[in-house]
Asks: 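The structure follows.
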There are 2 protein chains.
Amino acid sequence: MHPNLTLLRTYALKDPLTLPASILFCHSDRNMTIYDAYPKSMFHFLVLPRASSTSNKLASPETGGGVVSQKRLPLASDLSSLRTLLNSKNVDKQGAKDILTSMKDEGMKMKNEIEREMEKRYGFVWDVWMGFHGAPSMEHLHMHVISSDLVSEKLKHKKHYNSFHPKLGFFLHIDEVLTWFDAESTYYQNMIKHPFSKYEPLLKVPLSCFHCHSEQKNIPTLKKHLQDEWFRLQSQNERKKRKLEVHECSLLNDKVEIKFIVP
Amino acid sequence: MHPNLTLLRTYALKDPLTLPASILFCHSDRNMTIYDAYPKSMFHFLVLPRASSTSNKLASPETGGGVVSQKRLPLASDLSSLRTLLNSKNVDKQGAKDILTSMKDEGMKMKNEIEREMEKRYGFVWDVWMGFHGAPSMEHLHMHVISSDLVSEKLKHKKHYNSFHPKLGFFLHIDEVLTWFDAESTYYQNMIKHPFSKYEPLLKVPLSCFHCHSEQKNIPTLKKHLQDEWFRLQSQNERKKRKLEVHECSLLNDKVEIKFIVP
DNA sequence: TATTCCGATAGTGAC
DNA sequence: GTCACTATCGGAATGAG
């Protein structure tokens, strides 16, 4: 396994504060949130559960104040992926649900941060998705917290796009995953056994816009279209805001004359 | 059909002298020889048979002194390709053989020119191939006259290389084609019916050096190897020449001492 | 489904 | 099998105690 695919695991195992500030966004006892090195949307973060190694080498107090409740952290080997976690013999169903719930909580905080930043930078707020890839390649469980635009220079390939398409089935929304725990046992057993090979073909299906379902014939075309869709969202929002302002204005003064047509 | 694929036919139909000097090399009553616009070897020419059109528009004397014996020229429609010629209802077997023989004669003259130029520029002579592509794309019968090196900037793709590989079967040597006429009738009938679809797959076979049969894993590697093979030919030839010189020297003076090792 | 680099492959448009 | 252009697809390497 190449280091790039396991690098983050080494940080999940020790003090997150050893991560450069340019990578680590924040952390808690159980999770850490990092900037995705190759953001596929205007906002893109990863939430990773912290882990203990099977050896005790990294569990000593010298590793820093960031390591808390080391004994309660799951083993790294059980956190390779969602599949590994849900099929672990060391972590029971409730334990798995706890881990995912704490990741969701961490993600919700991140989502709030993102929304504040959306408002500040762009004057409006759009959706934020949270979830997992059905067939991840990086060797440590990670939940994507990603704004719903997929407008990014780093989005270059069909598999990049399809892996985040919110209705395709490759991207597993955290809320969807959590419903598995409350479903019938057979359904739960079914979902947690899904092999990667079931998800892989989804990455090769034709490019369809997640906003309007139009089919796009290639990546450059899709990227222009996604940018346009985002501009449309932004201007729609500005229209709404203007209407609100006009409405407020009307309340103050019934005789105000509207001299412009909202475009 | 794109102009590029029929352009030369228009010249084959009228006075070759209307062709720019940078394209036309020479011509006779029955054939014209042109520079290949995208030479796949150090020397690369095309021999095209001249034709008359079905209409009389282009047969008038005003088209220039180059048009001779217009009545005896084959129809352009019978000269689309080797296959067309050999299956034509207007040209009998002997007529087809005549056309091909005259093309060969023209090619042999070209070959002599090339060999003079090889000697002049590079100090030695290597082989020149003459023949047809099993599945040509240009819409007028053309015989390639091409030096046996395949060293050229314009050789860029696998299909370029394989289409000239002298032992693959896609490149039909003129002498091979002429033997069809003297073979049994069933063999002749068999060869002239070969559809393009029989030749196409040959263009996709792995790259093997026509000198040493070594397999080359991609085009850049093959091109370096072909260049090396050509350098080897050249230096082999220089060694032979030096030996000759040494031998002549020995004849003149038995006591001459050879002070250098031929590399 | 980490990226990047290289090269092969596929589709198109060319006037 | 015309070229040139664009884009996709496919493999291999990748860092570094």
Side-chain angles (χ1 to χ4, degrees), chain A residues 1-10 34 36-40 44 46 80-83 132-140 142 144 153-165 168-172 195-204 206-207 216-223, chain B residues 1-10 36-40 46 80-83 132-140 142 144 153-165 168-172 195-204 206-207 216-223:
Chain A
M1 181 85 36
H2 187 261
N4 283 358
L5 300 181
T6 53
L7 185 61
L8 288 174
R9 155 156 291 180
T10 67
I34 65 170
D36 191 296
Y38 302 91
K40 306 304 190 298
H44 188 180
L46 301 179
S80 282
S81 68
L82 188 58
R83 224 181 97 80
F132 307 88
H133 282 163
S137 145
M138 192 180 73
E139 181 81 357
H140 191 75
H142 52 288
H144 295 270
E153 213 180 55
K154 303 288 188 186
L155 194 157
K156 295 175 178 176
H157 306 299
K158 176 182 269 192
K159 68 181 176 187
H160 289 157
Y161 178 74
N162 281 345
S163 74
F164 288 106
H165 192 300
L168 198 58
F170 189 92
F171 188 80
L172 303 170
F196 288 176
S197 59
K198 201 194 128 118
Y199 293 103
E200 281 170 3
L202 294 171
L203 297 174
K204 304 194 175 185
L207 299 167
Q216 303 292 316
K217 77 170 198 292
N218 57 37
I219 287 287
T221 309
L222 171 70
K223 285 170 69 68
Chain B
M1 182 83 38
H2 187 259
N4 284 357
L5 299 182
T6 53
L7 186 60
L8 290 173
R9 153 157 293 180
T10 66
D36 192 296
Y38 303 91
K40 304 305 190 299
L46 301 178
S80 283
S81 68
L82 187 59
R83 224 180 96 80
F132 308 88
H133 280 164
S137 138
M138 191 180 74
E139 180 82 357
H140 191 74
H142 52 287
H144 295 270
E153 215 180 53
K154 303 287 188 187
L155 194 156
K156 294 175 179 176
H157 306 298
K158 176 183 270 193
K159 67 181 175 186
H160 289 156
Y161 178 73
N162 281 344
S163 75
F164 288 105
H165 192 299
L168 198 60
F170 189 92
F171 188 81
L172 303 170
F196 290 175
S197 60
K198 199 194 133 120
Y199 293 104
E200 281 170 4
L202 294 171
L203 297 174
K204 302 194 175 183
L207 300 167
Q216 303 292 316
K217 74 171 201 292
N218 57 39
I219 286 288
T221 308
L222 171 70
K223 285 169 70 68

Asks: Side chain of A/His2, heavy atoms from C-beta onward: which of D/dG15, D/dC3, C/dT3 has the nearest atom to it?
Replies: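 Selected nucleotide: D/dG15.
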Asks: Distance check needed: D/dC3 C1' versus B/Glu153 CD, whole Å only.
Replies: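 Distance check: B/Glu153 CD to D/dC3 C1' gives 14 Å.
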Asks: Identify which nucleotide among D/dC3, D/dT14, C/dT3 has an atom closest to any side-chain atom of B/Tyr38, counting heavy atoms from C-beta outward.
Replies: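 Closest of the options to the side chain of B/Tyr38: D/dC3.
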Asks: With ring centroids as reference points, do B/Tyr161 and B/His165 lie under 6.0 angstrom apart?
Replies: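 Distance test on ring centres: under 6.0 Å, yes.
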Asks: Between C/dT4, C/dA8, D/dA7, spot the one nearest the side chain of B/Pro220, thanks.
Replies: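 Nearest to the side chain of B/Pro220 among the choices is C/dA8.
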Asks: Main chain of A/Asn4, side chain of A/His2: is a donor-acceptor contact present, judged purely on distance under 3.5 Å?
Replies: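 Yes.
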Asks: Separation of B/Lys217 atom NZ from D/dG11 atom C1', in whole Å?
Replies: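 So the NZ-C1' distance, B/Lys217 to D/dG11, works out to 11 Å.
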Asks: Is any side-chain nitrogen or oxygen of B/Lys40 closer than 4.0 Å to OP1 or OP2 of D/dC3?
Replies: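 For B/Lys40, the contact criterion (side-chain N or O under 4.0 Å from OP1 or OP2 of D/dC3) is met.
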Asks: Starting at CG of B/Leu207 and ending at C1' of C/dG7, how long is that distance when rounded to a whole Å?
Replies: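 Going from CG in B/Leu207 over to C1' in C/dG7 covers 12 Å.
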Asks: Between B/His140 and B/His142, does the ring centroid distance fall short of 6.0 Å?
Replies: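 No: the rings miss the under 6.0 Å criterion.
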Asks: Taking the side chain of B/Ile219 as heavy atoms from C-beta outward, which of C/dT3, C/dA10, C/dA8 is closest to it?
Replies: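 Out of C/dT3, C/dA10, C/dA8, the nucleotide with an atom closest to B/Ile219's side chain is C/dA8.
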Asks: For a quick check of understanding: with a heavy-atom distance under 4.0 Å over all strands, which category does A/His133 fall into, base, sugar-phosphate or nothing?
Replies: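 Contact class for A/His133: sugar-phosphate only.
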Asks: Name the orientation class of the two ring planes belonging to A/Phe170 and A/Tyr199 (parallel below 30°, tilted from 30 to 60°, perpendicular beyond 60°).
Replies: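 Judged by the thresholds at 30° and 60°, the geometry between A/Phe170 and A/Tyr199 is perpendicular.
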Asks: Which of these nucleotides, C/dA10, C/dT3, C/dG7, is closest to any side-chain atom of B/Lys204?
Replies: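 Selected nucleotide (nearest to the side chain): C/dA10.
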Asks: Whole-Å distance between D/dC9 P and A/Asn162 CG?
Replies: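 Atom CG in A/Asn162 sits about 10 Å away from atom P in D/dC9.
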Asks: Mapping B/Asn218 and A/Leu203 to their closest nucleotides on DNA chain C, which lands nearer the 5' end?
Replies: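 Residue closer to the 5' terminus by nearest nucleotide: A/Leu203.
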Asks: Side chain of A/Asn4 only, heavy atoms from C-beta on: which candidate in D/dT14, D/dA4, C/dT3 is closest?
Replies: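 Nearest to the side-chain atoms of A/Asn4, counting from C-beta on, is D/dT14.
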Asks: By nearest nucleotide on DNA chain C, pick out whichever of A/Lys154 and A/Phe170 is the more 5' one.
Replies: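 Counting from the 5' end, the first nearest nucleotide belongs to A/Phe170.
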Asks: Could you give me the CA-CA distance, side-chain angles and deciding distance for B/Gln216 and B/Thr221, then say whether side chain to side chain donor-acceptor pair (under 3.5 Å) is met?
Replies: CA-CA 6 Å; B/Gln216 303 292 316; B/Thr221 308; 5.5 Å; no
Asks: Once you apply the 3.5 Å cut-off to both distances, tell me the Watson-Crick or G-U wobble partner of C/dC6, or none.
Replies: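 Checking every strand shown, C/dC6 finds its partner in D/dG10, with both distances under 3.5 Å.
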Asks: Base, sugar-phosphate, or nothing for B/His157, non-hydrogen atoms under 4.0 angstrom?
Replies: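 Nothing, no nucleic acid heavy atom in range.
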Asks: Please tell me which of the listed nucleotides, C/dT9, D/dC3, C/dT3, lies nearest to the side chain of B/Lys158?
Replies: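 Selected nucleotide: C/dT9.
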Asks: Between B/His160 and B/Phe164, does the ring centroid distance fall short of 6.0 Å?
Replies: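 No - the distance between ring centres of B/His160 and B/Phe164 does not fall below the 6.0 Å cut-off.
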Asks: Rounded to whole Å, how long is the line connecting atom NZ of B/Lys156 with atom P of C/dA8?
Replies: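 That distance rounds to 13 Å.
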Asks: Nearest-Å distance, CG (A/Leu155) to C1' (D/dT8)?
Replies: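 Taking CG of A/Leu155 and C1' of D/dT8, I get 15 Å after rounding.
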Asks: When the P atoms of C/dT3 and D/dG17 are considered, how many whole Å apart are they?
Replies: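 These two P atoms come out 24 Å apart once rounded.
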Asks: Tell me the interatomic distance from A/His160, atom NE2, to D/dA7, atom C1', rounded to whole angstroms.
Replies: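 Computing the A/His160:NE2 to D/dA7:C1' distance gives 15 Å.
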